[in-house]
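Encoded as structure tokens, the structure appears first; notes follow it.
Reminder, nothing fancy here: chain letters follow the sequence lines and each chain counts from 1.
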There are 2 protein chains.
Amino acid sequence: MATIGDVARVAGVSRSTVSYALSGKRSISPETRRRVDDAIRELKFTPNAGARSLRTAQTGVLGLLVQFHEDEFAPAMLQYILPITETARTLGYDILMMTENDGAEALTRAAESGMVDGLILLDVIDGDPRVDALRATHQPGVLVGLPGDTRGLDVVDLDFVAAARNLVDHLVELGHRDVVLVSPPRHVFDRGGTYSWRFRDAAVQRASEIGLKLTARYGESQQPAIDANLHEILDESPDATGLIMHNDASVAALPRLLHERGVRVPDDLSVVSLYSRDFARWFSLPYTAIESSPGLLGKVAITQLTQRIAHGDDAGPHGTRLVAAEIVDRGSTR
Amino acid sequence: MATIGDVARVAGVSRSTVSYALSGKRSISPETRRRVDDAIRELKFTPNAGARSLRTAQTGVLGLLVQFHEDEFAPAMLQYILPITETARTLGYDILMMTENDGAEALTRAAESGMVDGLILLDVIDGDPRVDALRATHQPGVLVGLPGDTRGLDVVDLDFVAAARNLVDHLVELGHRDVVLVSPPRHVFDRGGTYSWRFRDAAVQRASEIGLKLTARYGESQQPAIDANLHEILDESPDATGLIMHNDASVAALPRLLHERGVRVPDDLSVVSLYSRDFARWFSLPYTAIESSPGLLGKVAITQLTQRIAHGDDAGPHGTRLVAAEIVDRGSTR
DNA sequence: CTGAAAGCGCTTACAG
DNA sequence: CTGAAAGCGCTTACAG
């Protein structure tokens with residue numbers, strides 16, 4: 001592998017000139033520039049990342065901390081990972097992906113060893129140990145998912161409160177009076193997945209405000225429990241005319257299950273949910289839904305993080321950005 | 001951030017002693033060791049990754065090149081990414097994930113800049129430009145997916161030939177005489193996805209050897225084309241009693257579609273396929289299938305790669321490892 | 001069992 | 001417009 005010294009020798013200039021030609025941080029005569037460029041091309045020179053990061057204390061790498069919970073639906077995670085990786089690259093960063101169970105330890109290791117310039121925490125929950133680890137490192141970081149205590153943190157999440165209200169209003173406007181909500185599994189509530197109760201509590205409150213009967217139930221995330229749970233829920237609310245699905249694994253199973261029960265959508269039952277366009281495509285889901293916007297969330301998160309890396313506290317106050325909840329009408333309600 | 005010099009000062013020893021205490025490459029007196037360990041703990045010292053990689057020319061990072069084709073089923077990719085990341089960590093490596101469209105350029109950039117010790121190419125096709133780029137870098141690499149020319153390469157893939165034979169034999173043993181195969185979309189064949197024709201050609205050949213009528217059809221990978229395509233295929237082979245699904249997106253849609261058509265499995269139709277246990281779980285797929293073993297493939301690939309990194313050509317001859325195709329009986333045939 | 005020193009490949013203040 | 005030199009934080013041959 002060629003070094004900057006090799007390039008300097010071939011071009012007949014000093015190493016600093018090669019470095020400045022690369023960075024553009026001072027002006028170079030056209031003739032010198034040409035010779036340097038030729039030498040770089042001839043030697044296929046690429047600056048060594050380790051040396052550069054040692055000198056500049058910048059790596060051009062962001063650490064992405066992904067966690068997989070048994071009670072969550074793994075394929076949904078990919079929707080977030082991909083746009084994050086792509087947005088990062090657009091801004092000149094690569095992604096170091098860390099999937100360890102002990103996310104706090106992984107985060108600390110990446111930060112303390114200077115492997116990354118910043119950190120993205122995916123699927124953050126209330127009381128998430130990674131958040132304490134992030135605070136301890138003094139590294140720039142951004143959370144996707146809202147914890148309880150956000151002091152001093154940059155956070156991005158979907159506006160689940162607005163999402164729940166929108167869906168409730170949508171059904172009420174169509175004349176529904178008896179609706180069932182299928183939430184994430186109870187275990188998600190218990191371990192601090194704030195999106196679960198933010199959505200449910202907002203739906204319950206909105207329903208009571210406008211006189212809708214709303215029955216909130218826990219869903220499941222693993223077969224065969226999903227099917228049994230959905231059958232039970234539907235059996236126990238025979239008069240419900242609307243169904244709000246806030247559960248990835250359950251809504252993915254719903255089309256087949258409703259077909260088995262002979263329930264037609266929207267003729268017999270109006271169904272609304274919350275998921276992304278990609279998710280709808282992968283699972284052939286035909287329901288009107290709040291767009292969960294993983295691509296936008298990833299983009300906002302990475303943009304915020306890179307500005308924090310570049311400007312520190314001058315990038316503005318730390319805070320929470322809730323992405324607006326927009327409804328995509330797929331005709332599954334009436 | 002504390003440096004090795006800070007630790008040395010606090011412990012009252014030289015920097016080399018701290019370094020050797022860390023690496024264990026020479027013996028240290030118990031008393032010195034204690035003082036060094038105390039200082040490391042006190043200062044929360046973690047060696048700087050950039051400095052270490054500059055000195056040792058080793059990064060402890062592997063580059064993972066992921067590609068997303070429009071004609072493939074994205075959620076299936078996660079099955080490979082996760083076990084690769086986890087196996088790598090077990091062996092002391094982190095994963096730099098690269099998803100650029102121009103995979104060859106990304107690979108070259110990662111390798112030439114010395115960001116990684118080795119490369120994993122996911123979903124390799126025949127004529128894959130990343131393979132040429134890999135050869136040019138002289139970096140250790142492993143391919144998941146079999147290209148046409150494997151000279152000098154370490155390759156890991158599922159044994160699709162054995163998989164196809166197993167499934168054909170399984171159906172024939174049960175007495176089936178007329179079977180339909182749904183392959184990946186035509187576009188996957190055209191762009192060099194060797195798994196598509198390795199599986200199809202082996203199935204066709206095996207069928208002709210043992211006198212089975214086998215109709216091979218192209219599937220689709222995007223709705224609504226998937227449904228239309230499957231309906232057409234089933235309509236045009238009304239006498240077929242068996243169905244071999246070699247198409248992730250189509251098989252994911254099959255349970256609902258068969259239900260809509262009133263086709264019961266296995267009473268009216270025997271169905272076999274090829275996917276992983278995770279995939280079956282995510283999509284509630286009830287079909288007997290060849291286990292595609294993404295976890296095992298990832299593990300074999302990473303193990304092979306790390307040995308190549310450690311021992312170069314002494315790690316044994318370059319070659320192709322085909323993972324055995326095992327059938328998981330889910331009772332969808334008779 | 002331990003230390004002083006060289007050097008990995010960059011970037012950048014300093015000097016001209 | 002350009003160059004010589006220092007130094008980022010490690011590891012390891014060399015010396016004792």
Side-chain angles (χ1 to χ4, degrees), chain A residues 1-40 43-61 92 109-117 310, chain B residues 1-40 43-61 92 109-117 310:
Chain A
M1 217 87 311
T3 72
I4 200 170
D6 299 329
V7 175
R9 197 175 328 109
V10 169
V13 298
S14 73
R15 297 188 301 159
S16 42
T17 297
V18 177
S19 180
Y20 284 116
L22 241 30
S23 68
K25 288 189 181 170
R26 77 180 183 193
S27 47
I28 311 273
S29 74
E31 161 65 8
T32 303
R33 152 132 281 144
R34 198 187 52 68
R35 291 222 308 280
V36 170
D37 287 350
D38 286 352
I40 287 173
L43 298 171
K44 293 187 200 300
F45 169 69
T46 310
N48 180 278
R52 185 173 263 181
S53 93
L54 177 56
R55 175 61 223 232
T56 63
Q58 299 243 308
T59 62
V61 176
R109 184 170 60 82
E112 304 283 302
S113 66
M115 298 180 82
V116 299
D117 294 339
Chain B
M1 216 89 309
T3 74
I4 200 169
D6 298 329
V7 176
R9 196 175 328 109
V10 169
V13 298
S14 72
R15 296 188 304 158
S16 42
T17 297
V18 177
S19 180
Y20 284 116
L22 241 30
S23 69
K25 286 189 182 171
R26 78 181 183 193
S27 46
I28 311 274
S29 74
E31 162 64 10
T32 304
R33 154 133 279 143
R34 198 188 52 69
R35 291 222 308 279
V36 170
D37 288 348
D38 286 352
I40 287 174
L43 299 172
K44 293 188 201 300
F45 169 69
T46 310
N48 180 278
R52 183 174 264 178
S53 94
L54 176 58
R55 175 59 223 234
T56 64
Q58 300 243 306
T59 62
V61 176
R109 185 169 60 83
E112 304 283 303
S113 65
M115 297 179 84
V116 300
D117 294 338

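Taken from CD1 in Ile4(B) to OG1 in Thr46(B), the straight-line distance is 12.0 Å, to the nearest 0.5 Å. The line from CZ of Arg33(B) to OG of Ser27(B) is 9.5 Å long, rounded to the nearest 0.5 Å. Within the model, atoms CD1 of Ile28(A) and OG of Ser23(A) stand 8.0 Å from one another, a figure rounded to the nearest 0.5 Å. Taking CG of Asn48(B) as the reference point, atom CE of Met115(A) lies at 10.5 Å (rounded to 0.5 Å). Atom CG of residue Leu43(B) and atom CZ of residue Arg9(B) lie 9.0 Å apart, to the nearest 0.5 angstrom. One distance of note links NZ of Lys25(B) with OG of Ser19(B); it measures 8.0 Å at 0.5 Å rounding.
Residue Leu22(B) forms a side chain to side chain contact (heavy atoms under 4.5 Å, CB included) with just one option from Thr17(B), Ile40(B), Val36(B), and that option is Ile40(B).
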Whenever both distances are under 3.5 Å in a Watson-Crick or G-U wobble pair, mark it; put DNA chain D into dot-bracket that way, with [ ] for crossing pairs and | when the partner is on another strand.
-> |||.||||||||.|||
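As a whole-Å value, the separation of Arg9(A) CZ from dA4(D) P is 14 Å.
Asp37(B) contributes no side-chain N or O that, together with a main-chain N or O of Arg34(B), makes up a donor-acceptor pair within less than 3.5 Å. Looking only at distances, a side-chain donor or acceptor of Thr56(A) sits under 3.5 Å from a matching main-chain atom of Arg52(A). Formation of a donor-acceptor pair under 3.5 Å by the Arg35(A) side chain with backbone atoms of Ala11(A) is found in this model.
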Can Asp6(B) and Thr3(B) be said to form a side chain to side chain contact (heavy atoms under 4.5 Å, CB included), step by step?
-> CA-CA 5 Å; Asp6(B) 298 329; Thr3(B) 74; 3.6 Å; yes
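Using a 4.0 Å heavy-atom distance criterion, Ser23(B) is classed as making no nucleic acid contact.
An OP1 or OP2 oxygen of dT12(D) is reached within less than 4.0 angstrom by a side-chain nitrogen or oxygen of Lys25(B). Dashed line: the shortest gap from a side-chain N or O of Ser29(A) to OP1 or OP2 of dC1(D) is not under 4.0 Å. The phosphate of dG3(D) has OP1 or OP2 within less than 4.0 Å of a side-chain N or O from Thr17(A).
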Close N/O contacts between protein and nucleotides 13-16 of chain C (under 3.5 Å):
from    : atom 1 : to       : atom 2 : distance (Å)
dA13(C) : N7     : Tyr20(A) : OH     : 3.4
dA13(C) : N6     : Tyr20(A) : OH     : 3.2

With 3.5 Å as the limit, what N/O pairs link the protein to nucleotides 6-10 of chain C?
from    : atom 1 : to       : atom 2 : distance (Å)
dG7(C)  : N2     : Arg55(B) : NH1    : 3.4
dG9(C)  : N2     : Ala51(A) : O      : 3.4
dC10(C) : OP1    : Asn48(A) : N      : 3.3
dC10(C) : OP2    : Ile4(A)  : N      : 2.7
dC10(C) : O5'    : Asn48(A) : N      : 3.4
dC10(C) : N4     : Arg15(A) : NH1    : 3.0
dC10(C) : N4     : Arg15(A) : NH2    : 3.1

